[in-house]
There are 2 protein chains.
Amino acid sequence: MTFDAFQGLVNISSEDIWRDFYRNNRDKIKVKKEDVAVKNLVKISSAALSISNRKGFPLMTLRDLSEESGLSMGALYSYFSSKDDLLNMIQQQRMAAIVKVFSAHLSGIGEPLEKLRTAIQIHLYLSEVMQPWFYFSYMEAKNLSKEDRRKAIEAEVFTERIFIDIIEQGQKDRIFVDVDSMTTAAIIKALLQDWYLKRWKYESRGVSVEEYSRIVIDFVESYLLPQDNLKQEEKNGSNG
Amino acid sequence: MTFDAFQGLVNISSEDIWRDFYRNNRDKIKVKKEDVAVKNLVKISSAALSISNRKGFPLMTLRDLSEESGLSMGALYSYFSSKDDLLNMIQQQRMAAIVKVFSAHLSGIGEPLEKLRTAIQIHLYLSEVMQPWFYFSYMEAKNLSKEDRRKAIEAEVFTERIFIDIIEQGQKDRIFVDVDSMTTAAIIKALLQDWYLKRWKYESRGVSVEEYSRIVIDFVESYLLPQDNLKQEEKNGSNG
DNA sequence: GTCTATATCTGGATAGAC
DNA sequence: GTCTATCCAGATATAGAC
């Protein structure tokens with residue numbers, strides 16, 4: 001799948017994400033008109049992500065946020081009850097989006113090699129679309145509340161588990177070689193994370209998300225596929 | 001080389017690091033007795049790393065630092081002139097150590113494959129010995145002063161350059177296959193970073209630094225070595 | 001629903017005794 | 001060289017007008 005096709009398919013606009021959020025949290029948000037609320041939640045979150053990803057969440061003052069979002073200090077507190085609450089809100093939304101997109105794209109695929117490729121691609125594409133969220137989420141994880149920290153770890157384990165399962169299925173089917181599945185999954189995650197943690201680096205070198213996806217898949221396959229299979233795969237074109 | 005052997009060789013104690021630092025910065029530090037100064041610099045830095053790696057440098061108050069280091073607020077300011085100054089001090093020390101150790105261990109090696117293995121190992125071992133430094137340095141990079149930020153990027157490029165050069169030498173010698181050297185180096189760095197960024201994960205799974213080193217080397221070699229070479233290498237035992 | 005103005009608190013930094 | 005006490009800037013959060 002191309003990145004453009006993916007974008008068309010998931011179409012994760014901030015609007016959608018925050019509309020969902022608003023509906024699930026009507027009670028906590030003082031503003032009662034949905035359209036007004038969603039519009040401002042988008043402004044607030046994108047301002048918060050932009051400032052935080054520049055200087056870190058703890059150093060972002062609410063005056064900064066007020067200025068960049070265009071809302072007054074007082075108005076901000078109609079949308080969250082404390083600065084920490086805002087942090088947790090943003091975190092929550094990201095995790096919901098990941099689980100949703102992953103399930104949607106992987107559930108139909110049975111064949112391990114195709115599933116592995118798709119999982120790598122989907123993760124990279126998703127982190128590309130939601131780069132500020134992913135980066136924020138990684139860098140600010142230690143500041144979360146206890147409860148949200150627990151959720152964050154759960155989400156981390158969830159995605160790693162997906163890769164472990166795919167690898168083990170492939171080993172059972174005798175498609176992949178017999179390497180340690182847990183460690184291999186950890187390595188894959190490290191490579192996926194590098195994309196959103198060092199986006200500036202890849203951008204400055206002109207590497208697109210599709211190229212990076214290609215690279216990671218090749219890299220992983222050279223490790224997981226037996227030597228002779230690999231040669232044959234390459235003849236067939238390894239990307240479906 | 002085993003991890004123990006490495007430790008014996010470099011023997012990077014906090015003492016040594018801060019004694020070096022003290023001698024290079026006598027003018028900036030108000031305390032004039034070397035032994036007193038070094039002893040307290042060690043206390044301050046290890047307290048600062050411990051607190052920061054728990055909750056982040058911006059959220060560490062000087063009262064926290066005072067409590068954990070056992071020095072009073074006033075005394076702390078005999079060792080640095082501002083909180084930012086402390087940040088830059090710690091950063092500086094880490095980079096000096098890296099350059100020193102890398103040069104010492106790699107300069108003698110000409111053969112690309114051995115050099116690649118050694119570079120991976122040394123980086124992992126070093127980040128293991130200085131884990132709090134490495135983690136801190138990565139997570140707090142955005143808070144550095146302009147000048148120290150520039151230095152940090154330089155250091156980043158320095159280590160990546162080492163890997164690029166090794167790969168290109170190996171390609172010239174027809175030992176490695178013809179993949180993109182820059183991207184491959186980026187991938188290697190991502191895997192090396194995962195070790196100190198997610199140490200808790202590997203620890204909880206009982207993966208030692210030697211095992212991880214073995215895994216990364218295998219992974220990279222399966223990508224860089226031609227198929228037939230690989231088979232032969234494995235027979236010889238790929239770790240020297 | 002949003003704004004301005006302000007109460008309250010926290011944390012970096014310093015002065016001066018010991 | 002180190003400590004205690006204190007200053008003061010700047011931050012969160014809220015009250016009340018519009």
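Order of the sequence lines sets the chain letters (A, B, ...), proteins ahead of strands, with each chain counted from 1. All values reported here derive from a predicted model rather than from experimental measurement.
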Close aromatic pair by centroid cut-off 6.0 Å: A/Y125 and A/F3: yes

Whole-Å gap separating C1' (D/dC3) and CG (B/L76): 11 Å

A/K100 with A/D20: basic N within carboxylate O range, under 4.0 Å: yes

Whole-Å gap separating C1' (C/dT4) and CD (A/E67): 16 Å

Any residue of residues 24-50 of chain A with a heavy atom less than 4.0 Å from an atom of DNA chain D: none

Check: A/F136 ring centre within less than 6.0 Å of A/W133 ring centre: no

Sub-6.0 Å ring centroid separation between B/Y77 and B/F80: yes

A/D16 and A/R19, any side-chain heavy atoms less than 4.5 Å apart: no

Parallel, tilted or perpendicular: ring planes of A/F163 versus A/H123, cut at 30 and 60 degrees: tilted

Sugar-phosphate or base contact per nucleotide [nucleotides 12-18 of chain D; S, B, -; heavy atom under 4.0 Å]: BBB----

Rounded distance (Å) that lies between atom C1' of C/dT10 and atom NZ of B/K55: 12 Å

Between A/T159 and A/K189: side-chain donor-acceptor atoms closer than 3.5 Å: yes

Chi angles and distances behind the side chain to side chain contact (heavy atoms under 4.5 Å, CB included) call for B/Y202, B/V209: CA-CA 9 Å; B/Y202 294 107; B/V209 65; over 6 Å; no

